[in-house]
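Worksheet for the structure shown next.
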Amino acid sequence: MNEEIIIDVQNLNLWYGETQALRNVTLPIANRKVTALIGPSGCGKSTLIRCFNRMNDLVSDCRVTGDILYHGQNINGPDADPVDLRIKIGMVFQKPNPFPKSIYENIAYGPRVHGTRNKKQLDEIVHNCLRKAALWEEVKDRLHDSAMSLSGGQQQRLCIARTLAVNPEIILMDEPCSALDPIATSKIEDLIDDLKREYCVIIVTHSMSQASRVSDYTAFMYLGDLIEFGETRQIFENPHKELTENYITGRFG
Ligand SMILES: Nc1ncnc2c1ncn2[C@@H]1O[C@H](COP(=O)(O)OP(=O)(O)OP(=O)(O)O)[C@@H](O)[C@H]1O
């Protein structure tokens with residue numbers, strides 16, 4: 001890998017109570033690239049992506065060993081602040097979850113909470129984020145309408161715009177298209193391709209065709225182990241492990 005490694009996962013283990021969900025995962029994540037996490041249901045994809053912004057802190061009985069270095073600093077270290085971390089590492093979920101507020105307020109909310117009060121600055125942030133999320137043209141005349149009046153695909157792009165509003169470096173996406181139709185899915189995939197010019201994107205997907213379309217790197221997981229990681233083309237065209245090949249050719253799933 002020639003790119004800058006923005007997150008370096010080293011020997012990561014995670015247990016929910018007595019059950020081990022991640023085993024000795026070691027994985028580099030490149031900046032300004034898209035990394036896809038794939039594997040059968042229950043293999044630990046969501047668990048791993050949730051480690052990157054410490055969402056698993058919210059799960060009682062969850063224990064982690066090993067390191068996740070973000071710009072070389074351990075995100076679970078004593079000085080690390082999960083609130084700061086979640087600004088730099090934003091997350092988009094499976095089901096679009098806009099706030100029950102206006103389109104404008106969904107985006108202005110985060111920057112306002114973090115101290116931006118100036119109306120002109122907020123207008124600019126809203127405009128920029130909607131533009132980056134490829135939603136501006138569709139909503140510019142209805143910024144003060146409820147976000148709930150948008151279609152599912154538009155709501156998901158709004159959630160991406162909301163994530164961008166606090167200036168993250170990394171965007172985590174946990175099956176962001178699973179609730180969307182093919183047209184809305186294709187818009188999100190185009191958007192992911194644009195976003196990687198400025199951001200690092202990590203995406204969990206069940207769709208192998210989606211992983212091969214949108215990602216530069218792919219990690220294949222199975223029962224909590226990282227089986228194989230590499231450039232997406234290599235993983236799909238020339239997997240080194242039999243398990244990877246069996247999965248991507250649909251022999252199990
Ligand atoms: N909060 C939790 N408490 C206990 N066990 C959990 C919790 N979350 C996940 N698990 C278990 O950890 C394992 C990994 O789950 P995870 O959701 O990370 O898998 P996944 O690959 O994302 O699955 P899917 O593709 O079905 O979403 C599973 O065995 C699951 O049952």
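Fair warning: this is a prediction, and the values are worked out from it, not measured in the lab. Read the numbers this way: they start at 1 and go in the same order the structure lists the ligands and their atoms. Scope of the values below: all heavy atoms of this structure, side chains included, with no hydrogens, waters or symmetry mates.
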field: More than 12 heavy atoms from other groups under 6.0 Å of OH on Y109
entry: no
- request: If a pair satisfies salt bridge (charged side-chain N to carboxylate O under 4.0 Å, His left out) and one of its residues is in residues 161-176, list it, with sequence neighbours excluded.
  value: none
task: With D216 as reference, evaluate R32, E3, K196 under the side-chain contact (heavy atoms from CB on, under 4.5 Å) test and give the passing residue.
output: K196
message: Heavy-atom contacts with ligand 1 below 4.0 Å: which residues, ordered by chain and residue number?
response: Y16, A21, P40, S41, G42, C43, G44, K45, S46, T47, R50, V59, E175, H206
query: Should N53 and L172 count as side-chain neighbours, where that means a heavy-atom distance under 4.5 Å?
result: yes
query: Does NZ or CZ of R131 lie under 6.0 Å from the centre of the six-membered ring of W136, at an angle within 45° of the ring axis?
result: no
field: Q73, CD atom: more than 12 neighbouring heavy atoms under 6.0 Å
entry: no
